[in-house]
2 protein chains.
Amino acid sequence: MSNSTTPIKNTKTLGTVTIEMVAQRAGVSLSTVSRILNGTAVVSESKKQAVDKAIAELDFVPNPMARSLAGGRSQSVGVITRAIDSPFYGAALRGIEETLDPAGYSALFVSGHFDVNIEKRCFELLRGRRVDGIILLTGQLPDANLKTYAKALPLVVTGRTLKAKGLVSLDFDNFEGGRLATEHLLSLGHQKIAVVTGEAGHKDSTERLRGHCAALEAAGLPFDPRLVVAGDYLELGGVRAVEELLARKIPFTSLFALNDQMAAGAALALHRLGKHIPSDMSLVGFDDLPQSVYAAPPLTTVRQPAYQLGELAAQCMIRLLKGETPSVKAPRPTLIVRESTKAT
Amino acid sequence: MSNSTTPIKNTKTLGTVTIEMVAQRAGVSLSTVSRILNGTAVVSESKKQAVDKAIAELDFVPNPMARSLAGGRSQSVGVITRAIDSPFYGAALRGIEETLDPAGYSALFVSGHFDVNIEKRCFELLRGRRVDGIILLTGQLPDANLKTYAKALPLVVTGRTLKAKGLVSLDFDNFEGGRLATEHLLSLGHQKIAVVTGEAGHKDSTERLRGHCAALEAAGLPFDPRLVVAGDYLELGGVRAVEELLARKIPFTSLFALNDQMAAGAALALHRLGKHIPSDMSLVGFDDLPQSVYAAPPLTTVRQPAYQLGELAAQCMIRLLKGETPSVKAPRPTLIVRESTKAT
DNA sequence: CTGAAAGCGCTTACAG
DNA sequence: CTGAAAGCGCTTACAG
């Protein structure tokens, strides 16, 4: 044998091109290749070109695991959402993915199920995965926990206002959204406006309701608590709400569902009862889900720009990761008038 | 100074508990801890207990990066989907997440946008991230490419039938689904059935249409091509199809939309024209999207169990990763009769 | 501007 | 059953 002392490379490594091979081919040191890869130091143009050429020829792709282990960063950010298939947050996830990707970060999506304990487990899981930062989309975790987590790694949270180092919060003005919806109904001459709320204790819902009341008050109209029924943010809640409201026998000409899913349920219940929207009843939702444009009739609603929210959250994260202190203003609610509302 | 030669640990490492610290505390070697962690060898019970205790006391969590680098596995699997917020695949993603997680794998979701080039880029990205396997949900990539990829790492693909080593395919019987829908309409006495298809060249769509024709033929009824219009699998296609069909002035009493999104669009168009579903027109969809139960009226459709599909795909992947050769039968289509169809 | 070397935190033959 | 040691593929002080 010509060379019995040649060390036998681990078989796993076969076919894998490493930074060392690039260095050898380019005739420079391993460190130089690394520096060029990371733009971490000024390197002479000639070497840079040689390295770039070698990288291209070998079709070299850095191993992120090695990179993470050595550099202490994983180039990934954890995203805790209610559920990976949430109808509302879907667009937000896409917004996050599409802004993280060009920045060289991967998103790790996990479902928190809007449950404090599961969310805690998600944080542990993600920290175990060594993500560089975490985005929490409207979770249930108390502020105190969040502040603690923010000490360990960059955090951006939506759906609340919270100040702390290493943490940026992106709130949404649900109050204003609620106000907008009711103002619209009032402008159409509706005086008796029923409301289906979200889950009890859900801040978004109580804020939207406050906005509703504020609009009423501004118009000099009384708020009648018998016209509000507790929902669940799901379609079924909308169905039940209509039944309940009708059973109460208190007249109303319009219904404000505090989210689109409940509006869809309400539309179905009304449809079954032979009530025509908007001739017999005006209906307003909240969120502007993708499918709401194609509801029959298309739903008038308050738009919460989910995609943009995700985009913003990701941008904040990227800046936090750079050591900057981003200050952003969250997107504003806007009223989208379609065909489910009509003047009395 | 008492000990000027103590090596200074990398600052990154502060606060991180390593396998070495566990070993020291438990009074065993590093290798033993690793073996216990991985169940990779039989270890005496006493040592195992000591190690477990140390792990608990130190709150040790293995570093997945180091693990991957040393072990050659990343404990993650890439999932290429049309879009992270696809209404149909949402449930499939959840199914994948929920079965991968207990098996110790993380899912890396990326959007392929049903585009050959983007899907290729996704494969590169995921391989760059060193995923252990890839699940492709109904992509556009040709079979040949898939077979090539399967040589490099385990692959499970849905929406086609393909045999190759290291690859398992999970097809769905779209033909049967199409047959079921039309058979239902026929059983209600409908003879004139219009059809809105999906994007041209989309295999799912052509299969569903074939099923439709087969049902017609079995009933001894002619297939009238003037009753089919080309759609796009989006709501807008459903809207346009209704307009187009009506413009053709060929009578029909029912409409089979080859997916639920188009059915929603068709329902809207019919609603605007004052046509009542199902009194004036019966409507059948395909997929059974979550929101279809709450359409007004609730949509009769062919159910494609997305969650279960994701679950199965993930199970196959886990078995492939174990070196097994899973053989599975894909879930069957089922007809879900709701309120959008009615006897003539 | 550039190398040699240590180190990131694990896994896994190898040799008892 | 168990250790010592090499190695996974990088990054980053350290020293020119």
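Quick note on labels: first sequence line is chain A, next is B, and so on, each numbered from 1.
- If you take atom P in D:dC14 and the same atom in D:dC10, they sit 24 Å apart, rounded to whole Å.
- The residues A:K147 and A:D143 are annotated as not salt-bridged, no charged nitrogen and carboxylate oxygen being separated by less than 4.0 angstrom.
- Applying the Watson-Crick and G-U wobble criteria (two distances, each under 3.5 Å), C:dG16 pairs with D:dC1.
- Spacing between atom CZ of B:R67 and atom C1' of D:dC10 amounts to 20 Å, rounded to whole angstrom units.
- No hydrogens or angles were tested; on distance alone, a donor-acceptor pair under 3.5 Å links the side chain of B:S31 to the base of D:dA4.
- When heavy atoms are screened at a 4.0 angstrom cut-off, B:S34 is found touching base atoms of the nucleic acid.
- The phosphate of D:dT2 (OP1 or OP2) has no side-chain N or O of B:K48 nearer than 4.0 angstrom.
- Between the P atoms of C:dG3 and C:dG7, the separation comes to 22 Å (whole Å).
- Note: CD1 (A:I36) to C1' (C:dC1) measures 11 Å, nearest angstrom.
- Checking the phosphate oxygens (OP1, OP2) of D:dG3, a side-chain nitrogen or oxygen of B:T32 falls inside 4.0 Å.
- With hydrogens and angles left out, the side-chain atoms of A:R130 and A:S68 include no donor and acceptor closer than 3.5 Å.
- In terms of phosphate contacts, B:K47 brings no side-chain nitrogen or oxygen within less than 4.0 Å of OP1 or OP2 of D:dC1.
- B:S34 contributes no side-chain N or O that, together with a main-chain N or O of B:L30, makes up a donor-acceptor pair within less than 3.5 Å.
- D:dT2 and D:dA6 have their P atoms separated by 23 Å, with the value rounded to a whole Å.
- Mapping B:N38 and A:S29 onto DNA chain C by nearest heavy atom places A:S29 closer to the 5' end of the strand.
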From CA spacing to verdict: side-chain hydrogen bond (donor to acceptor under 3.5 Å, both in side chains), B:S106, A:R129: CA-CA 9 Å; B:S106 286; A:R129 286 265 164 196; 2.8 Å; yes
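- In this structure, A:L69 atom CG and C:dC10 atom C1' are separated by 8 Å, rounded to whole Å.
- Here the P atom of nucleotide C:dC8 and the CD1 atom of B:I19 are 14 Å apart, to the nearest Å.
- Only one option out of A:V157, A:L137, A:L126 pairs with A:I80 in a side-chain contact (heavy atoms from CB on, under 4.5 Å); it is A:L126.
- A straight line from CZ of A:R73 to P of C:dC8 spans 16 Å, rounded to a whole angstrom.
- Nearest-nucleotide mapping onto DNA chain C: of B:R35 and B:A66, the residue sitting toward the 5' end is B:A66.
- Taking atom CG of residue B:N63 and atom C1' of nucleotide C:dG7, one finds them 13 Å apart after rounding to whole Å.
- Judged purely by atom type and a 3.5 angstrom limit, A:Q75 has no side-chain atom pairing as donor or acceptor with the backbone of A:P64.
- Rounded to an integer number of Å, the gap from CG of B:L30 to P of D:dA4 is 9 Å.
- Between A:S68 and C:dC8 there is no side-chain polar atom (N or O) within less than 4.0 angstrom of OP1 or OP2.
- The interatomic distance linking B:R127 (CZ) with D:dG9 (C1') rounds to 17 Å, in whole Å.
- The base of C:dG9 lies outside donor-acceptor range of the side chain of A:R130, with no N or O pair under 3.5 Å.
- Using a 4.0 Å heavy-atom cutoff across all strands shown, A:P64 reaches no nucleic acid atom at all.
- For the OP1/OP2 pair of C:dG9 and a distance below 4.0 Å, the side-chain nitrogens and oxygens of B:T18 include no atom meeting the criterion.
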